[in-house]
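The structure appears below as structure tokens.
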Amino acid sequence: MKFAITSKGDAKSNALMHKMRTYLKDFNLEYDEEEPEIVISVGGDGTLLYAFHRYSSRLSKTAFVGVHTGHLGFYADWVPDEIEKLVIAIAKTPYQIIEYPLIEAIVRYKNGSRETRYLALNESTVKSVDGTLVMDVEIRGEHFEVFRGDGLCLSTPSGSTAYNKALGGAIIHPSLPSVQLAEMASINNRVFRTVGSPLIMPAHHTCMLKPVNRSDFLITIDHLTLVHKDVKSIQYRVADEKIRFARFRPFPFWKRVHDSFIDG
């Protein structure tokens, strides 16, 4: 089996990465950064997000497993003291594949430039480069509202525990393929109205954002922040692709939620 390892880059994570690489090669596994069948992330959720984007073109062929070297992560279920146990599991044990939904974001432009497509594991946000964000929000091709405020956040179920939660969004189990739309400081008065609540859309629904008075935006895709100019529309939906995690033992989602927010 071919494997690759990504590290957070600190001394502790790098030491673990080198140790695991040596151990796995001793078990006759092949280190291959180009076409790995399993990618081990050593660090935290941010490190796994980086690994996901690095190998996003191989999602049907690559499974991920996370080792956290700091705080408990939602994607990293192994700790440094379990390195030997994990190595033996990877080398000797058939693993279960768990799939989580992703978000597809397609940005289209007024000048006819080729559209840009992204995949997000946690969320994508949209903000105006300057001033208030004003967006027409369409759901399934029907106008829903005109949003005015700081920005909009569209999250995956697994990403619902991240920025979405800070915005007052719901926590959604990853077995439910869906996209959640949460508002950032919407303007609501006698003139302007938004729904004011997070919206959870199923996999067969598409959410389209269309600029009203500006066309330059800050768009984030997980940890990446990009400026897009002359934007015509931004389309979101549940992606056809999914991320695949290699599970060698149970890693219950609600236990992670409990440990992270209630009794961490």
Test ring-ring contact (aromatic ring centres under 6.0 Å, His included) on His205 and Phe144; report intermediate values, then the result.
CA-CA 13 Å; His205 286 194; Phe144 181 78; over 10 Å; no
salt_bridge(Asp77, Arg256) N-O dist < 4.0 Å
no
Show your reasoning for whether side chain to side chain contact (heavy atoms under 4.5 Å, CB included) applies to Gln235 and Glu104.
CA-CA 8 Å; Gln235 175 184 299; Glu104 173 192 79; 4.1 Å; yes
Flag for Ser41-Thr47: side-chain donor and acceptor within less than 3.5 Å
no
With side chains defined as the heavy atoms from C-beta onward, is the minimum distance between Leu226 and Phe217 less than 4.5 Å?
no
Any luck finding a side-chain donor-acceptor pair between Ser155 and Tyr163 under 3.5 Å?
no
Taking atom OH as the centre, does Tyr55 end up with more than 12 heavy-atom neighbours from other residues, nucleotides or ligands that are less than 6.0 angstrom away?
yes
My understanding is that only residues two or more places apart in sequence, or in another chain, count here; which of them pass side-chain contact (heavy atoms from CB on, under 4.5 Å) with Ser124?
Ile219, Ile221, Tyr236
Can you tell me how the ring of Phe248 sits relative to the ring of Trp78, calling it parallel under 30°, perpendicular over 60° and tilted otherwise?
perpendicular
Flag side-chain contact, heavy atom, 4.5 Å: Ile88 against Phe27
yes
Okay, side chain of Arg108, backbone of Ser233: is any donor-acceptor separation there less than 3.5 Å?
no
Polar side-chain atom of Thr220 near backbone of Thr125 as donor-acceptor pair, under 3.5 Å:
yes
Exercise: do Tyr109 and Thr116 side chains pair donor with acceptor under 3.5 Å
yes
Spacing of OG1 belonging to Thr93 relative to NZ belonging to Lys85, to within rounding of 0.5 Å
10.5 Å
Given side chains that start at C-beta, do those of Leu209 and Phe147 come closer than 4.5 Å, heavy atoms only?
no
Taking C-beta and beyond as the side chain, do Phe52 and Leu59 meet within less than 4.5 Å on heavy atoms?
yes
Which residue in the set Val87, Ile83, Thr6, Ile5 passes side chain to side chain contact (heavy atoms under 4.5 Å, CB included) when paired with Ile40?
Ile5
